[in-house]
Amino acid sequence: MEVNAGNSPSNGKQPSEHSKSANKGKRAADKEIKTSVFVNYAAIAWHENRRKWVGDKSQQVKRTEKDPIISWSTAYEDLLATNELFAEPIPLPEMVDFLVDIWHDEGLFD
């Protein structure tokens, strides 16, 4: 009986054809994992929509501080007593400050 030890996969020196193809598949998968990059398209779209809504900060004109539209002596009742529009729009932060001051005075806001 003749045994061919040179082609035997059990000698450990020469890998079998099956293990060679498995190694090639593993290398290809490793290469694909290393080259593939996760891209969060939802986050990109969100930032683009936010940029459209907020605008480009570098192109916005810096607003100079101007006198408040609501006088410091204006009472809440004075605002409610008329149905006429203000001469110009009241900025939201100014209106909030005004209302919070009124509410503090009346004990409605802690």
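Note that the structure is a prediction, hence the values are computed from the model and not measured. Note: hydrogens, waters and symmetry copies are ignored here, and every other heavy atom, side chains too, is used.
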Can you measure from CD1 (I44) to CG (N49) and round to the nearest 0.5 angstrom?
12.0 Å
So NE2 of H104 and CG of L99: to nearest 0.5 Å the spacing works out to 11.5 Å
Could you pull out the closest heavy-atom pair between E94 and I69, with the gap in Å?
OE2-N, 2.7 Å
If hydrophobic clusters are built from ILVMFWY residues whose side chains come within less than 4.5 Å, do M95 and L85 share one?
no
Is V54 reachable from W46 through a run of I, L, V, M, F, W or Y residues, each pair having side-chain heavy atoms under 4.5 Å apart?
no
Can L92 be reached from I90 by stepping across I, L, V, M, F, W or Y side chains whose heavy atoms are under 4.5 Å apart?
yes
Would a single hydrophobic cluster contain both I102 and V96, if residues Ile, Leu, Val, Met, Phe, Trp and Tyr are joined by side-chain heavy-atom contacts under 4.5 Å?
yes
Could you pull out the closest heavy-atom pair between F98 and T74, with the gap in Å?
CE1-O, 3.4 Å
